[in-house]
Enquirer: 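Pasting a structure here, questions to come.
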Amino acid sequence: MAKCGSCGPGYKSPLDAMKGPREEIVYLPCIYRSTGINKPDYLATVDVDPKSPTYSQVIHRLPMPNVNDELHHSGWNTCSSCYGDSSKVRNKLILPCLISSRVYVVDVGTDPRAPRLHKTVEPHEVYWKCGLANLHTSHCLGCGEIMISALGDPCGNGKGGFVLLDGETFEVKGNWEAEGETAQFGYDFWYQPRHNVMISTEWGAPKAFALGFKMEDVLAGQYGHSLNVWDWTEHRLVQTIDLGKDGLIPLEIRFLHNPDADQGLVGCALSSSIFRFYKEKDGKWAAEKVIQVPSKKVEGWALPEMPGLITDILISLDDRFLYFSNWLHGDIRQYDITNIRNPKLVGQIFLGGSIQKGGPVAVQEDKELECQPDPVTVKGKIIPGGPQMIQLSLDGKRIYVTSSIYSIWDKQFYPDMLKEGAVMLQIDVDTEKGGLKLNPNFLVDFGKEPDGPVLAHELRYPGGDCSSDIWI
């Protein structure tokens with residue numbers, strides 16, 4: 001991390017961040033909910049330093065005090081949005097829970113290699129003070145507060161709102177959104193203060209996705225297909241952009257990292273598409289589809305056509321490359337977005353998935369591949385599941401990937417992963433010409449954990465990364 005006499009956490013700019021130190025450890029949540037093992041979820045610390053004797057191993061586990069939380073995503077108490085405030089220190093990891101609606105605040109400053117629990121925010125505080133539940137994305141704000149997106153109300157209905165935590169005490173302060181303002185659904189969000197905007201996305205109603213995915217729920221309007229545009233200073237919902245059938249279930253959203261940028265990209269899971277969103281001359285916002293991953297006609301699967309299911313996207317800190325994962329098809333892709341309206345595919349790698357050779361699914365028609373991909377083996381283990389959460393190193397030369405999306409959906413689409421555990425892999429990235437190559441020496445096999453196989457989700461570096469830090 002950058003250090004100086006007057007600067008705060010993180011880095012002055014995205015390009016400065018690219019010059020930061022190489023990652024040595026990674027934090028990621030491990031989930032036991034839905035696996036049949038009645039143990040608490042925990043935060044794992046993984047050694048990713050190739051020079052370390054414990055490279056590619058879990059070196060610490062911090063169990064939560066409750067069971068069935070469904071740890072999912074994480075954020076920071078402060079980040080590069082507070083770079084100008086020397087009183088701020090990035091030393092607490094914020095862990096909102098997708099199902100229990102708790103928030104765990106974890107001290108990673110005292111001993112970064114052995115985090116400890118600092119505070120628990122109980123769900124009734126979120127219910128009573130905010131009328132919200134099912135927490136997802138956590139971002140630190142330039143004012144020092146912490147903002148967490150919610151997916152529903154306490155009864156399981158869809159409701160896109162935001163919880164504010166005090167950045168020092170971690171008490172629930174109330175809703176970020178002005179009274180009476182709410183989106184139909186919630187999920188991810190990203191803010192860009194220089195354009196006075198925040199844009200949020202939509203997964204679906206918790207009472208629908210909590211029980212597993214059903215296409216009938218999509219047809220019944222229980223899943224989202226819109227981007228919600230908020231006035232950043234007034235905290236009001238000012239515009240809803242309906243992406244239509246080509247934009248079903250928009251999940252991860254990323255503005256370009258340049259704080260002056262008035263555009264970005266969003267991945268739409270079910271439609272397997274990438275939309276560019278942008279500011280128009282009249283000040284309103286619009287969206288256009290720039291990438292479409294074709295579905296594959298299959299036999300031996302739940303539906304006659306299998307979408308790629310884009311479940312995570314990243315933009316490199318220099319705004320040159322887009323990366324995303326197709327959880328069902330099993331590939332990670334790299335696109336050159338120098339011309340963001342016309343992304344160019346420059347890298348692709350298959351890591352498991354539902355269409356690999358020897359599996360139960362036979363591909364009948366494929367607009368992209370000539371044959372089904374081979375299973376992938378790392379250190380003697382055949383990789384279960386498909387690539388899901390991805391994290392890019394600051395310099396853009398390494399991607400870390402895990403295979404779990406959400407315990408109930410894991411159980412539905414990759415039941416063997418609950419028996420074998422998730423995995424964490426590392427991919428080397430060609431940042432000059434493009435290209436992705438699997439590191440054969442890196443594997444974290446979460447099937448060998450002390451309390452039994454576990455599911456692993458989002459990844460965080462102690463010094464921040466391209467999906468945690470926002471520059472203002």
Side-chain angles (χ1 to χ4, degrees), residues 72 98 134 136-137 149-152 156-160 183-190 199-229 237 239-254 264-278 285-298 301-313 322 324-331 333 335 343 353-355 367-368 386-389 405-406 408-410 412-413:
H72 199 61
L98 184 61
N134 304 100
H136 192 269
T137 299
S149 62
L151 279 64
N157 302 301
K159 185 179 181 182
Q184 184 177 6
F185 301 107
Y187 185 74
D188 196 20
F189 69 99
W190 199 280
I199 302 181
S200 63
T201 60
E202 301 184 333
W203 184 2
K207 64 183 180 183
F209 67 71
L211 301 176
F213 178 78
K214 296 178 183 178
M215 188 57 91
E216 306 94 274
D217 290 332
V218 177
L219 301 175
Q222 294 295 310
Y223 285 90
H225 47 79
S226 298
L227 301 181
N228 297 294
V229 182
L237 180 61
Q239 189 182 348
T240 297
I241 304 171
D242 188 348
L243 302 179
K245 62 180 178 60
D246 283 347
L248 296 175
I249 314 185
L251 295 182
E252 310 296 337
I253 186 167
R254 317 286 185 221
L265 299 167
V266 60
C268 302
L270 188 57
S271 297
S272 302
S273 59
I274 300 289
F275 274 74
R276 166 186 173 249
F277 58 89
Y278 58 96
W285 294 78
E288 61 179 354
K289 187 172 70 170
V290 293
I291 298 173
Q292 178 67 60
V293 176
S295 295
K296 302 180 190 298
K297 292 186 178 180
V298 296
W301 196 64
L303 298 170
E305 291 197 6
M306 181 189 292
L309 207 75
I310 297 174
T311 51
D312 196 14
I313 75 169
L322 165 73
F324 66 78
S325 55
N326 285 306
W327 190 57
L328 291 178
H329 287 177
D331 60 313
R333 301 187 182 202
Y335 284 81
S354 295
I355 61 166
K367 296 179 181 179
E368 295 184 310
Q388 209 286 108
M389 295 306 298
I405 184 171
Y406 160 55
I408 290 290
W409 286 21
D410 292 344
Q412 180 177 359
F413 292 102

Enquirer: Roughly how far, to the nearest 0.5 Å, is the CD atom of Q222 from the CD atom of Q184?
Expert: 8.5 Å

Enquirer: Please check if the side chain of N134 supplies one atom and the backbone of L98 the other of a donor-acceptor pair under 3.5 Å.
Expert: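 Yes: the side chain of N134 pairs with the backbone of L98.
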
Enquirer: Please report the C-alpha distance between I199 and N228 in whole Å, then the side-chain angles of each, then the deciding distance to 0.1 Å, and finally whether the side chain to side chain contact (heavy atoms under 4.5 Å, CB included) criterion is met.
Expert: CA-CA 5 Å; I199 302 181; N228 297 294; 6.0 Å; no

Enquirer: For the atom pair NE2 (H225) and NZ (K245), what is the distance rounded to the nearest 0.5 Å?
Expert: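 Atom-to-atom, H225:NE2 and K245:NZ are 13.0 Å apart.
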
Enquirer: Between W203 and F209, how do the two ring planes meet: parallel, tilted or perpendicular, split at 30° and 60°?
Expert: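 Ring orientation, 0 to 90° scale: parallel.
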
Enquirer: Measure the shortest side-chain to side-chain distance between Y223 and L270 over non-hydrogen atoms and say whether it is less than 4.5 angstrom.
Expert: no

Enquirer: How many angstroms lie between CE in M389 and NE2 in H72, if you round to the nearest 0.5 Å?
Expert: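 Going from the CE atom of M389 to the NE2 atom of H72 covers 7.0 Å.
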
Enquirer: Please name the pair of heavy atoms, one in S325 and one in P387, separated by the smallest distance, quoted to 0.1 Å.
Expert: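 Minimum heavy-atom contact is CB-O, 3.5 Å.
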
Enquirer: Can you check whether L248's main-chain N or O pairs, donor with acceptor, with S271's side chain at less than 3.5 Å?
Expert: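 Pair found, side chain donor or acceptor close to backbone of L248.
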
Enquirer: Minimum heavy-atom separation for F185 and G224, please, with both atom names.
Expert: CD1-CA, 3.7 Å

Enquirer: Does a donor on one side chain and an acceptor on the other come within less than 3.5 Å for D188 and T137?
Expert: yes

Enquirer: What I'd like to find out is whether the side chain of P307 reaches to under 4.5 Å of the side chain of L328, using heavy atoms alone.
Expert: yes

Enquirer: Could you check whether Y406 and F213 have their ring centres less than 6.0 Å apart?
Expert: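 Between Y406 and F213, which both carry aromatic rings, the centre distance is not below 6.0 Å.
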
Enquirer: Please confirm whether the backbone N or O of T240 pairs with a side-chain atom of S226, one donor and one acceptor, at under 3.5 Å?
Expert: no

Enquirer: Hey, is the main chain of M306 close enough, under 3.5 Å, to the side chain of H329 for a donor-acceptor pair?
Expert: yes

Enquirer: Step by step, work out the side chain to side chain contact (heavy atoms under 4.5 Å, CB included) result for V290 and L265.
Expert: CA-CA 9 Å; V290 293; L265 299 167; 4.1 Å; yes

Enquirer: Sequence neighbours left out, what passes side chain to side chain donor-acceptor pair (under 3.5 Å) with Q292? Give chain and number order.
Expert: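 For Q292, the residues satisfying side chain to side chain donor-acceptor pair (under 3.5 Å) (neighbours in sequence not counted) are K289.
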
Enquirer: Decide, yes or no, whether a salt bridge links K207 with D217 under the criterion of side-chain N to carboxylate O below 4.0 Å.
Expert: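 So K207 does not pair with D217 through a salt bridge.
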
Enquirer: Are the side chains of N157 and K159 in contact, using a 4.5 Å heavy-atom criterion?
Expert: no

Enquirer: With sequence neighbours excluded, what pairs up with R276 under the salt bridge (charged side-chain N to carboxylate O under 4.0 Å, His left out) test?
Expert: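 With sequence neighbours excluded, R276 shows a salt bridge (charged side-chain N to carboxylate O under 4.0 Å, His left out) to E288, given in chain and number order.
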
Enquirer: Assess the residue pair F277 and V229 against the criterion (side chain to side chain contact (heavy atoms under 4.5 Å, CB included)); give the C-alpha distance rounded to whole Å, side-chain angles, the decisive distance to 0.1 Å, and a yes or no.
Expert: CA-CA 11 Å; F277 58 89; V229 182; over 6 Å; no

Enquirer: Is a side-chain donor or acceptor of E252 paired with a backbone partner of I313 at a separation under 3.5 angstrom?
Expert: no

Enquirer: What are the two closest non-hydrogen atoms of G158 and A205, and how far apart are they?
Expert: N-CB, 3.7 Å

Enquirer: Looking at CD1 of I355 and NZ of K296, how far apart are the two atoms once the value is rounded to the nearest 0.5 Å?
Expert: 4.5 Å

Enquirer: Can you check side chain to side chain contact (heavy atoms under 4.5 Å, CB included) on I249 and Y187, steps first, answer last?
Expert: CA-CA 10 Å; I249 314 185; Y187 185 74; over 6 Å; no

Enquirer: A side-chain contact here means heavy atoms from C-beta on lying under 4.5 Å apart; do C268 and F275 qualify?
Expert: yes

Enquirer: For S272 and L309, which heavy atoms make the closest approach, and how far apart are they?
Expert: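 Shortest heavy-atom contact: OG-N, 3.0 Å.
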
Enquirer: For P250, run the side-chain contact (heavy atoms from CB on, under 4.5 Å) check against L243, I241, I274 and tell me which one passes.
Expert: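 Exactly one pass, corresponding to L243.
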
Enquirer: So, the side chain of T201 versus the backbone of L227: is there a donor-acceptor pair under 3.5 Å, distance only?
Expert: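 No; zero donor-acceptor contacts below 3.5 Å.
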
Enquirer: Quick one: OG1 on T311 to CH2 on W327, what's the gap to the nearest 0.5 Å?
Expert: 7.5 Å

Enquirer: Donor-acceptor pair, distance only, cut-off 3.5 Å: does the side chain of S149 make one with the backbone of G160?
Expert: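 The answer is no, because no donor-acceptor pair under 3.5 Å joins these two groups.
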
Enquirer: If we ignore hydrogens and angles and just use 3.5 Å, is the side chain of D410 paired with the main-chain N or O of I405 as donor and acceptor?
Expert: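 Side chain of D410 to backbone of I405, a donor-acceptor pair under 3.5 Å: yes, one is there.
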
